[in-house]
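I have placed the structure first, in the form of structure tokens, so that the comments after it can refer back to it.
Only this structure's heavy atoms are used, side chains among them; waters, hydrogens and symmetry mates stay out. All values reported here derive from a predicted model rather than from experimental measurement.
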Amino acid sequence: MAGPWVWVLGLAALVLIPVGLVWGLLIAPEDYQQGDAFRIIYVHVPTAILAQSCYAIVGSAGFVYLVWRMKLADVVLQEALVIGASLTALALLTGAIWGRPMWGTWWEWDARTTSMLVLLFLYIGLYALREAIPRADSRARASALLALVGVINLPIIQYSVEWWRTLHQPSTFSLTEAPKMPAEMYLPLLVAVLGFYALMGAVILARVRVEVLRRERGTRWVAELAEARS
Amino acid sequence: MSGVDALLARLNDWLCSVGEPACMGGYGSYVWISIGVTVVVLIVNAWLPWRAHRALMTQIANDLNDQRRDAARAEQQPAQTSSTSADATPRSVS
């Protein structure tokens with residue numbers, strides 16, 4: 001069932017990400033204040049948005065597991081947190097690289113960067129918690145609970161640039177306001193973000209598929225599937 | 001200037017000697033390192049489940065083949081055992 005979606009989303013990502021990056025890096029005009037350094041936005045913003053979206057998936061999966069005890073939700077939580085952790089680390093790294101020429105420092109204990117660091121610690125904590133508990137149902141329940149508690153960090157990240165005076169610039173994307181950037185800068189960013197979403201969808205589905213097969217490997221349907229493949 | 005900054009400055013100089021798209025107005029090292037690291041992480045993220053899926057399916061198919069071979073051997077063995085004992089009985093009598 002997941003197979004065709006993995007391919008569709010993977011192909012969409014394969015088209016959208018290169019188009020967004022080439023458009024943003026080579027065609028979009030340079031920023032009047034930051035010059036060409038602003039082009040880091042074409043990887044920094046998608047990874048930062050996706051890192052938060054991944055945590056929204058982790059939190060939702062935790063909620064579904066706690067309420068309905070759905071085993072698939074536990075699998076989704078387990079797989080999405082690995083992707084989320086890598087995207088959060090990327091967002092922090094690209095932010096630091098961007099900060100060096102713009103702020104004159106690799107790191108600033110700014111509200112946005114600090115809340116993103118907390119997000120990374122949440123991902124790492126969830127992973128460590130899952131590794132530490134051997135019993136499957138206790139592991140699933142504990143990690144679902146922690147995932148749900150960590151959701152509180154998402155609005156903090158989102159509104160940190162409004163609630164506190166920070167070095168970090170305001171949010172690039174807003175659901176309620178028109179973009180502040182000109183279209184020739186904004187559109188490639190939108191394409192890149194869509195591409196990153198497609199890739200994240202494909203990767204999470206592919207990872208969930210592998211984990212479900214691993215957990216169900218003794219069953220008849222998995223044997224039939226493997227037979228059909230070979 | 002720290003060692004990392006000096007390294008980035010040297011990389012910038014080299015990128016600017018290559019051409020304008022690589023130079024990025026003097027920020028080439030920052031921009032291209034960000035892009036490079038991101039692309040590598042994305043590729044690794046996409047490749048890992050693909051490799052795991054292939055390995056798992058191969059393993060399951062191999063296990064199935066082993067099970068089938070064991071079952072066939074188990075079916076053959078009682079038949080062989082009974083034929084051996086049937087052969088042996090007359091010999092011992094003679």
Show your working on side-chain contact (heavy atoms from CB on, under 4.5 Å) between A:Leu25 and B:Met24 and close with a plain yes or no.
CA-CA 9 Å; A:Leu25 290 170; B:Met24 289 276 169; 4.2 Å; yes
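- Residue A:Trp107 places its CH2 atom among more than 12 non-hydrogen atoms of other residues, nucleotides or ligands, all under 6.0 Å distant.
- Heavy-atom distances place both the backbone and the side chain of A:Leu213 under 4.5 Å from chain B.
- Under the 3.5 Å distance criterion, the side-chain polar atoms of A:Asp36 are matched with a main-chain donor or acceptor of B:Gly25.
- For B:Trp32, the part lying under 4.5 angstrom from a heavy atom of chain A is the side chain only.
- Residues A:Ile97 and B:Ser34 approach most closely at CG2-OG, 3.4 Å, considering heavy atoms.
- Only the side chain of B:Asp63 comes within contact range of chain A, with at least one heavy atom under 4.5 Å from a heavy atom of that chain.
- Contact record, A:Ala226 with B:Ala61: CB-N, 4.2 Å, taken as the closest heavy-atom pair.
- Rounding to the nearest 0.5 Å gives a distance of 12.5 Å between OG1 of A:Thr94 and CD1 of B:Ile33.
- Only the side chain of B:Glu20 comes within less than 4.5 Å of a heavy atom of chain A; its backbone N, CA, C and O stay farther away.
- Looking at A:Ala37, both its backbone and its side chain come within 4.5 Å of chain B, counting heavy atoms on both sides.
- In A:Tyr127, the OH atom is not crowded: 12 or fewer heavy atoms of neighbouring residues, nucleotides or ligands sit closer than 6.0 Å.
- Within the 4.5 angstrom heavy-atom criterion, only side-chain atoms of B:Val4, from C-beta onward, approach chain A.
- How far CE of B:Met57 is from CD of A:Glu227: 10.5 Å, rounded to the nearest 0.5 Å.
- For the atom pair A:Arg100 CZ and B:Asp5 CG, the distance stands at 4.0 Å (nearest 0.5 Å).
- Once rounded to the nearest 0.5 Å, the distance linking CD of A:Gln34 with OH of B:Tyr27 reads 8.5 Å.
- For chain B, the nearby parts of A:Arg214 are the backbone and the side chain; heavy atoms of each come within less than 4.5 Å.
- Heavy atoms closer than 4.5 Å to chain B are found in the side chain of A:Trp106, but not in its backbone.
- Listed here is the closest heavy atom pair of A:Ser86 and B:Val41: CB-CG1, 4.2 Å.
- Interface remark: B:Arg54 contributes no atoms to any contact with chain A (heavy atom separation under 4.5 Å).
- Note that the CD1 atom of A:Ile83 and the CG atom of B:Leu42 stand 10.0 Å from one another [nearest 0.5 Å].
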Using side-chain contact (heavy atoms from CB on, under 4.5 Å), reason through A:Met102 and B:Tyr30 one step at a time and then give a plain yes or no.
CA-CA 11 Å; A:Met102 291 302 115; B:Tyr30 300 102; over 6 Å; no
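- For the pair A:Ala223 and B:Leu64, the tightest heavy-atom approach, listed with the atom from each and the gap, is O-CD1, 3.4 Å.
- At a 4.5 Å heavy-atom cutoff, the contact between A:Ile17 and chain B is made by side-chain atoms alone.
- For A:Phe196, the part lying near chain B is the side chain, with the backbone staying farther off; criterion is any non-hydrogen pair under 4.5 Å.
- Using a 4.5 Å cut-off between heavy atoms, B:Ile60 contacts chain A through both its backbone and its side chain.
- The minimum heavy-atom distance between A:Val203 and B:Asn45, with the atom names listed, is CG1-O, 3.5 Å.
- Contact between B:Pro21 and A:Leu26 at its shortest, heavy atoms only, is CB-CD2, 4.0 Å.
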